[in-house]
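Down below is the structure, laid out as structure tokens.
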Amino acid sequence: MSDPKGDIGALRLQYRSDKSALLAQLGVQGASSRGVRSALQRLARLTDQALRELWSSAGFGPGFTLMAVGGYGRGELFPFSDVDVLVLLPDGSQPEQDTTLKARLEGFIGACWDVGLEIGSSVRTAADCLEEASKDVTVQTSLLECRLICGSKTAFQALVSQLNEAMDPKAFFVAKTLEMRQRHNKFENTPYSLEPNCKESPGGLRDLQIILWVAKAAGLGRSWDELARKGLATPLEARQIKANEALLSLIRARLHLLANRREDRLVFDLQTAVAESFGFKAQVPAVITPSSPGVRPTPHSRGTRRASEALMKRYYWAAKAVTQLNQILLLNIEERLSSNDAGVDRRRPLNERFFDKGGMLEVAHDNLYVQQPQAILETFLIYQTTVGMKGLSARTLRALYNARPVMNAQFRADPVNRATFFRILQQPDGITHAMRLMNQTSVLGRYLWVFRNIVGQMQHDLFHVYTVDQHILMVLRNVRRFFMAEHSHEYPFCSQLAAGWDKPWIFYIAALFHDIAKGRGGDHSELGAKDVRTFCRQHGIAREDSQLMEFLVSEHLTMSRMAQKEDLSDPDVINAFAQRVGNERYLTALYLLTVADIRGTSPKVWNAWKGKLLEDLYRYTLRALGGRAPDPDAVVEARKRDALCMLALHALPHMAHKVLWDTLDVSYFMRHQADEIAWHTRVLTKQLALTASQNHNQLTAQLARTAAKRTAAPEGEANTDAVPDEHCIVRARLSPEGEGLQVLVYAADQHDLFARICGYFDTSGFSILDARIHTTKTGHALDTFQVVAPTLSEHYRELIAMVENNLAQTIDERGPLPTPSKGRLSRRVKSFPVTPRVDLRPDDKAQRWLLSVSASDRAGLLYCISRVLARYDISVQLAKITTLGERVEDTFLISGPQLQVNKRQIEIETELLETLEG
């Protein structure tokens with residue numbers, strides 16, 4: 001009789017020896033990824049063989065089955081990845097009650113670990129598998145990739161058949177895309193972090209696995225070649241995917257080998273070793289110097305590059321390609337899943353070149369860009385200027401991907417293309433989205449050739465957490481937000497300065513070029529100034545504006561350095577800086593770009609102290625320039641003056657407005673016109689004064705009663721008197737905009753206040769066209785709603801008193817939220833439904849969250865959304881309601897502890913999607 005321990009010892013030695021030989025092949029020097037997949041498959045087969053021997057030794061009966069699941073189920077195994085297996089029990093098996101079976105299972109799992117197989121095991125019957133899969137999409141995904149190792153083939157096939165029958169492809173697609181979005185949020189939605197996770201980061205292996213999972217669930221294919229045969233991918237795209245998948249797999253395998261453990265992150269400590277395993281070498285010894293805003297770098301020799309930089313650039317280009325192809329294929333799969341009305345053309349023509357296809361911009365034909373290269377940049381201009389456009393369709397993305405060779409020197413020199421690009425920068429909206437989309441589709445780097453050099457360019461310092469191109473786009477976003485009223489709460493002083501600026505596009509161009517020369521050798525500020533000068537000349541920009549942009553690019557580090565390194569109490573320091581900037585316009589522009597630049601380095605770099613130093617330097621320098629300090633509150637003060645003039649007509653007592661205005665911040669005045677400010681002040685000043693007087697009288701009387709009761713009440717007895725709750729204030733008027741009512745609500749803030757108000761309007765037959773939510777410094781909500789009642793359009797004046805009384809009563813009662821009414825869908829919505837979309841992500845300071853929803857419009861939709869938020873104790877702090885015909889595009893600034901939990905985020909998004917679908 002053989003010794004079981006001896007058998008396991010021999011198997012362990014054999015397994016380790018064979019595995020070491022396979023891993024040695026993966027670790028061979030060189031960058032070729034051609035054989036990586038076969039090596040990973042051989043490692044999986046070696047593991048299969050060891051498991052079969054252990055299974056045979058365990059003595060399981062004929063009804064038992066051993067299956068590979070998860071990543072191991074794909075038939076590929078990375079060096080230190082878990083070996084995920086499922087022991088499928090016969091129906092009715094209960095290991096917790098069958099001691100013999102329990103001992104056999106424990107012995108098998110223990111033997112696996114003894115041999116060196118780090119297994120992740122689950123033990124279930126088929127019924128258990130189906131139940132768990134129905135509750136957890138992660139289990140469902142793991143079982144989707146199951147593979148028979150040994151045991152009952154009949155039981156395996158029966159389980160696979162049952163899982164396929166239970167699969168809902170649409171629900172699975174939604175779940176996996178939501179899961180992907182949350183995962184991307186975790187990595188800040190960029191593949192360009194300096195220490196990316198080659199498996200989980202955007203553009204990593206997981207994004208490719210998502211495609212195959214949803215395709216397999218929908219029965220559309222199990223491999224890239226099969227997806228190409230079914231028309232979901234072109235042969236070129238399939239080849240590109242396989243090449244990039246092999247590269248990412250080789251990087252991940254090398255990470256495992258070098259770390260001698262499971263390690264999927266390209267951490268700084270391993271980047272050089274991985275690069276050298278690919279054969280990359282440093283061209284010359286790198287001289288790393290500080291490159292934070294405010295510290296000029298020591299000029300580098302041209303061509304200096306670390307081995308790790310070469311590797312990372314190759315990784316970033318692969319991740320970028322995966323990101324593009326992931327989007328194309330997922331959109332294609334989504335279209336297949338949603339194509340219920342075959343033959344119905346749901347496209348709306350925008351011009352002879354483009355269509356609006358459910359909010360996605362679609363080219364008229366696949367060869368548009370090859371035949372008409374000028375349409376390439378026009379794509380992004382139309383994307384910017386067409387209201388409600390959410391992105392590019394799969395067809396458009398594919399056409400751009402295939403048109404890259406067309407974007408050559410002739411394309412860049414075309415006067416029409418230059419004019420179109422300049423128009424994109426001059427648009428009032430959509431600058432950041434357009435530029436990011438141009439970068440994602442490789443158009444930006446092919447039009448601005450100097451920009452192409454810094455795509456995926458790393459920055460080795462303690463400040464930047466983004467690659468150069470992502471940092472530039474982050475700075476562009478930051479400076480763009482200074483000109484947007486809805487973001488004025490973030491940096492009010494910058495927003496006030498920007499409000500009076502005449503040409504915002506000057507900042508956008510300066511942001512694009514401020515770091516564009518990094519990694520080229522020499523002083524990137526000086527080289528970037530030359531680049532922007534060339535750009536201005538080519539695009540016909542006036543000399544005065546060109547000189548300002550040159551100044552901003554060449555001096556974009558100066559102000560930060562002055563504020564953080566110099567003694568600002570020294571008049572000579574201030575005077576020298578004043579001479580350097582020259583005038584107020586240049587100073588203001590440099591201040592705004594500096595704040596945006598520092599904020600764009602890392603979420604952790606900016607702080608209030610740096611903000612104060614920069615603001616002090618700005619104010620001191622302004623005084624030194626000789627003119628009086630400009631009024632940074634120009635717009636706000638003008639609105640206040642106009643509002644006071646209106647208030648004077650109503651005989652409001654002198655300074656009475658301060659009772660309210662002292663509780664409001666700048667964002668309130670930037671979001672409301674003078675007429676609205678005057679109306680709010682007139683209503684609330686009188687009411688607040690009356691309420692204060694009543695509260696004072698009631699409090700005095702209560703204190704007197706309390707004092708009397710204390711004398712008579714037994715010791716320790718509680719006083720049952722309480723100060724009455726503060727009542728809300730509701731006022732309505734005929735809308736200054738025309739049809740409908742404008743309703744003001746002033747009340748103590750609470751997490752479900754917004755939902756309660758929306759619920760009242762829903763049950764009363766009103767539709768909300770616009771909502772502006774503001775929270776005062778005293779914790780009160782000051783909300784303004786624009787509502788209409790189509791069936792009562794001739795009776796708005798009579799409705800005012802009803803709305804004021806009933807809405808106030810609804811808020812004060814604080815009862816349960818009413819059930820939403822079922823709003824009818826218009827025939828147009830039924831014929832051209834809008835695919836519901838939900839996007840939840842943290843705001844710039846990661847303190848609050850931005851929620852964006854898009855769906856077909858229907859009565860009560862806003863209330864349904866707000867009711868979901870209230871159920872999760874989420875407070876709405878700002879709501880931007882936009883109705884575009886039959887489509888709604890709503891944005892909410894929200895907060896709440898549930899948003900800090902990843903699982904809750906997915907639940908909220910899922911419930912919102914279900915709500916939007918009606």
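Numbers here simply count residues along the sequence, with the first being 1. Heavy atoms only: backbone and side chains are in, while hydrogens, waters and symmetry mates are out.
Scored by the side-chain hydrogen bond (donor to acceptor under 3.5 Å, both in side chains) test, Gln427 finds no partners at all (sequence neighbours excluded). Partners of Arg733 according to the side-chain hydrogen bond (donor to acceptor under 3.5 Å, both in side chains) rule, which considers only residues two or more places apart in sequence or in another chain, are Asp675, Gln742. Partners of Val901 according to the side-chain contact (heavy atoms from CB on, under 4.5 Å) rule, which considers only residues two or more places apart in sequence or in another chain, are Lys903, Arg904. Ala808 pairs by the side-chain contact (heavy atoms from CB on, under 4.5 Å) definition with Cys728, Val730, not counting sequence neighbours. The salt bridge (charged side-chain N to carboxylate O under 4.0 Å, His left out) check on Asp642 picks up nothing, with sequence neighbours excluded.
Using cut-offs of 30° and 60° on the angle between ring planes, the pair His774 and His672 is perpendicular. Aromatic ring orientation, His657 versus Trp661: perpendicular (interplanar angle above 60°, classes split at 30° and 60°).
Cation-pi geometry between Arg772 and Tyr668 is not met at under 6.0 angstrom from the ring centre and within 45 degrees of the axis.
Sorted by first then second residue, the salt bridge (charged side-chain N to carboxylate O under 4.0 Å, His left out) pairs that include residues 648-670, not counting sequence neighbours, are Lys658-Asp662.
With respect to the salt-bridge test (charged N to carboxylate O, under 4.0 angstrom), the residues Asp429 and Arg480 qualify.
Side-chain contact between Phe754 and Ile874 is absent, with no heavy-atom pair separated by less than 4.5 Å.
A side-chain donor-acceptor contact under 3.5 Å links Glu909 and Gln182.
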Residue pair Thr784, His680: steps toward the side-chain hydrogen bond (donor to acceptor under 3.5 Å, both in side chains) verdict
CA-CA 9 Å; Thr784 310; His680 293 173; 3.2 Å; yes

